[in-house]
Amino acid sequence: MSSDRLQIAIERNVSHAIEEDLGEGDVSASLIPLDNRSLAVLITRSEGVFCGKPWADETAKQIGGFAIDWQIDEGAEIRPYQELAQITGASRSILSAERVMLNFLQLLSGTATLTKAYCDQIRHTTTTLLDTRKTLPGLRIAQKYAVSVGGGKNHRMGLFDAFLIKENHIEAAGSIQAAVEAARAEHPQLPLEVEVESLIQLSECVALDLPRALLDNFSIAETRKAVNQFGDRIDLEASGGVTLENIREFAESGVDYISVGAITKDVVALDLSLRFTGTSVQ
């Protein structure tokens with residue numbers, strides 16, 4: 001994704017999150033004297049891959065009144081009770097920003113951590129791990145960014161930047177050939193991929209000189225057969241039924257890509273905590 005698209009997404013994500021959380025104002029933070037200043041530390045209780053600094057920095061920028069001194073790089077592996085950042089500034093501002101920052105950091109670190117776990121299983125192969133469109137609404141760019149930080153690659157961003165002709169498209173168009181011909185006529189510059197459910201459909205894609213086909217819910221044995229028969233003529237992507245336990249076998253079949261919705265859909269947030277040290281500066 002472009003840096004401009006990413007920055008726009010970060011600003012929008014943070015703006016919406018602040019509006020959602022603060023509403024007309026933080027009534028709890030208003031109990032703290034206006035001129036009170038504090039030092040806080042951000043720590044992790046989990047191990048994993050750290051991700052989300054741009055969203056935390058944007059939160060600090062939009063709320064204002066405090067600064068973040070990072071002790072960790074984006075994408076670094078972290079261990080329990082490691083200090084990730086020191087935060088200094090207006091106590092009210094830090095309190096108001098706390099949950100917004102933590103929500104982004106926990107979710108994106110969880111996404112990057114799960115992505116790395118999948119990547120580690122296939123690192124000895126030439127297969128590339130891809131994400132999908134199964135993301136949290138409004139946070140697709142953020143989660144796809146986290147996938148990249150975790151070592152995966154991004155599939156299409158949405159329905160606008162690439163064709164993925166699936167079962168229902170084929171049914172509505174009448175055939176694979178009809179759908180492919182329409183796609184090539186409409187947007188010949190866009191990447192084109194067809195989802196297939198059998199070796200017969202895959203052979204149709206090869207005959208149409210398609211660059212890539214998605215093997216939808218093929219077993220490992222079926223995937224190997226597809227690679228053996230057609231892998232030298234078309235790039236193959238395995239998808240559906242792929243887990244952390246079996247992705248190694250899928251990759252060792254020789255497929256070029258494996259797309260996994262779980263890395264953005266079934267994420268467990270990392271356990272992060274922001275603690276005031278008790279030191280206040282007037």
Side-chain angles (χ1 to χ4, degrees), residues 6-114 135-143 145-146 149 264-282:
L6 177 61
Q7 185 56 39
I8 290 170
I10 293 169
E11 292 171 5
R12 286 177 177 173
N13 291 161
V14 170
S15 176
H16 291 163
I18 290 173
E19 180 182 4
E20 178 180 63
D21 206 29
L22 270 65
E24 298 303 315
D26 184 345
V27 295
S28 297
S30 69
L31 304 176
I32 309 301
L34 189 61
D35 62 350
N36 205 65
R37 295 177 61 82
S38 296
L39 168 67
V41 293
L42 175 67
I43 66 167
T44 174
R45 296 191 181 97
S46 306
E47 64 179 25
V49 177
F50 182 70
C51 182
K53 282 172 64 173
W55 282 261
D57 287 336
E58 182 63 26
T59 303
K61 177 181 176 182
Q62 291 192 25
I63 287 184
F66 66 94
I68 306 173
D69 180 16
W70 292 105
Q71 310 295 308
I72 193 77
D73 292 328
E74 188 84 330
E77 294 189 38
I78 55 178
R79 62 186 184 278
Y81 304 106
Q82 181 177 351
E83 183 176 297
L84 307 178
Q86 293 187 350
I87 300 172
T88 54
S91 304
R92 285 191 181 190
S93 295
I94 298 172
L95 289 166
S96 294
E98 176 183 2
R99 179 44 54 194
V100 172
M101 291 193 299
L102 288 180
N103 282 350
F104 283 119
L105 291 171
Q106 289 177 318
L107 171 66
L108 299 184
S109 293
T111 303
T113 298
L114 187 56
T135 54
L136 294 178
L139 292 174
R140 178 167 298 167
I141 290 177
Q143 285 197 282
Y145 165 88
V149 170
T264 51
K265 180 176 65 72
D266 299 336
V267 175
V268 176
L270 254 63
D271 188 2
L272 307 180
S273 177
L274 184 68
R275 295 178 178 176
F276 276 54
T277 65
T279 302
S280 297
V281 181
Q282 300 294 335

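Values reported hereafter were calculated over all heavy atoms of this structure, with side chains retained and with hydrogens, waters and symmetry mates removed. Along the sequence shown, residues are numbered consecutively beginning with 1.
- Here the closest non-hydrogen pair linking Thr111 and Gln143 is OG1-NE2, 3.4 Å.
- The closest donor-acceptor contact from the side chain of Arg37 to the backbone of Thr88 lies at 3.5 Å or more, if one exists at all.
- For the atom pair Asn13 CG and Ile141 CD1, the distance stands at 7.5 Å (nearest 0.5 Å).
- Between the Ser273 side chain and the Ile43 main chain, no donor and acceptor come within less than 3.5 Å of each other.
- Note: Gln82 CD to Leu272 CG = 11.0 Å, rounded to the nearest 0.5 Å.
- To the nearest 0.5 Å, atom CD of residue Glu47 and atom CG of residue Asp271 are 12.5 Å apart.
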Mind listing the side-chain donor-acceptor pairs of residues 15-24 below 3.5 Å, one per line with the distance, residues two or more places apart or on another chain?
from: His16; atom 1: ND1; to: Arg12; atom 2: O; distance (Å): 3.4

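- Evaluation of the salt bridge (charged side-chain N to carboxylate O under 4.0 Å, His left out) rule for Glu11 yields no partner, not counting sequence neighbours.
- Counting heavy-atom neighbours within 6.0 Å of Gln62 CD, excluding the residue itself, gives a total above 12.
- To the nearest 0.5 Å, atom CG of residue Leu6 and atom OH of residue Tyr145 are 7.0 Å apart.
- Contact record, Glu58 with Gln7: OE1-NE2, 3.8 Å, taken as the closest heavy-atom pair.
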Derivation and outcome, side chain to side chain contact (heavy atoms under 4.5 Å, CB included), residues Gln86 and Leu39: CA-CA 7 Å; Gln86 293 187 350; Leu39 168 67; 4.2 Å; yes
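- In terms of heavy atoms, Ile72 sits closest to Lys53 at O-NZ, 3.2 Å.
- Note that the OG1 atom of Thr59 and the CD1 atom of Ile68 stand 7.5 Å from one another [nearest 0.5 Å].
- Trp70 and Asp57 are linked by a side-chain donor-acceptor pair at a separation below 3.5 angstrom, with hydrogens and angles left out of the test.
- Between Ala40 and Ile94, the shortest heavy-atom distance links the atoms CB-CG2, 4.4 Å.
- The two residues Phe66 and Ala90 have their closest heavy-atom pair at CB-N, 4.4 Å.
- Listed by chain and residue number, nothing satisfies the salt bridge (charged side-chain N to carboxylate O under 4.0 Å, His left out) test with Arg99 (two or more places apart in sequence, or in another chain).
- Side-chain contact between Trp55 and Val100: absent, with no pair of heavy atoms (C-beta onward) separated by less than 4.5 Å.
- Side-chain atoms of Glu74 come within 3.5 Å of backbone atoms of Gly52 as a donor-acceptor pair (strictly under, hydrogens ignored).
- Residues Met101 and Ile87 meet the side-chain proximity criterion, which asks for heavy atoms closer than 4.5 Å.
- Side-chain contact between Leu108 and Val149 is absent, with no heavy-atom pair separated by less than 4.5 Å.
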Step-by-step side chain to side chain contact (heavy atoms under 4.5 Å, CB included) determination, Leu42 to Leu105: CA-CA 11 Å; Leu42 175 67; Leu105 291 171; 3.8 Å; yes
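- The CG atom of Leu270 sits 10.5 Å away from atom CG of Leu114, with the distance rounded to the nearest 0.5 Å.
- Here the closest heavy-atom approach between residue Gly65 and residue Ser93 is recorded as CA-OG, 3.9 Å.
- Although no hydrogens or angles enter the test, the distance criterion places no donor-acceptor pair under 3.5 Å between the side chain of Arg275 and the main chain of Val41.
- Atom CD of Glu77 sits in a sparse spot, with 12 or fewer heavy atoms from other residues, nucleotides or ligands closer than 6.0 Å.
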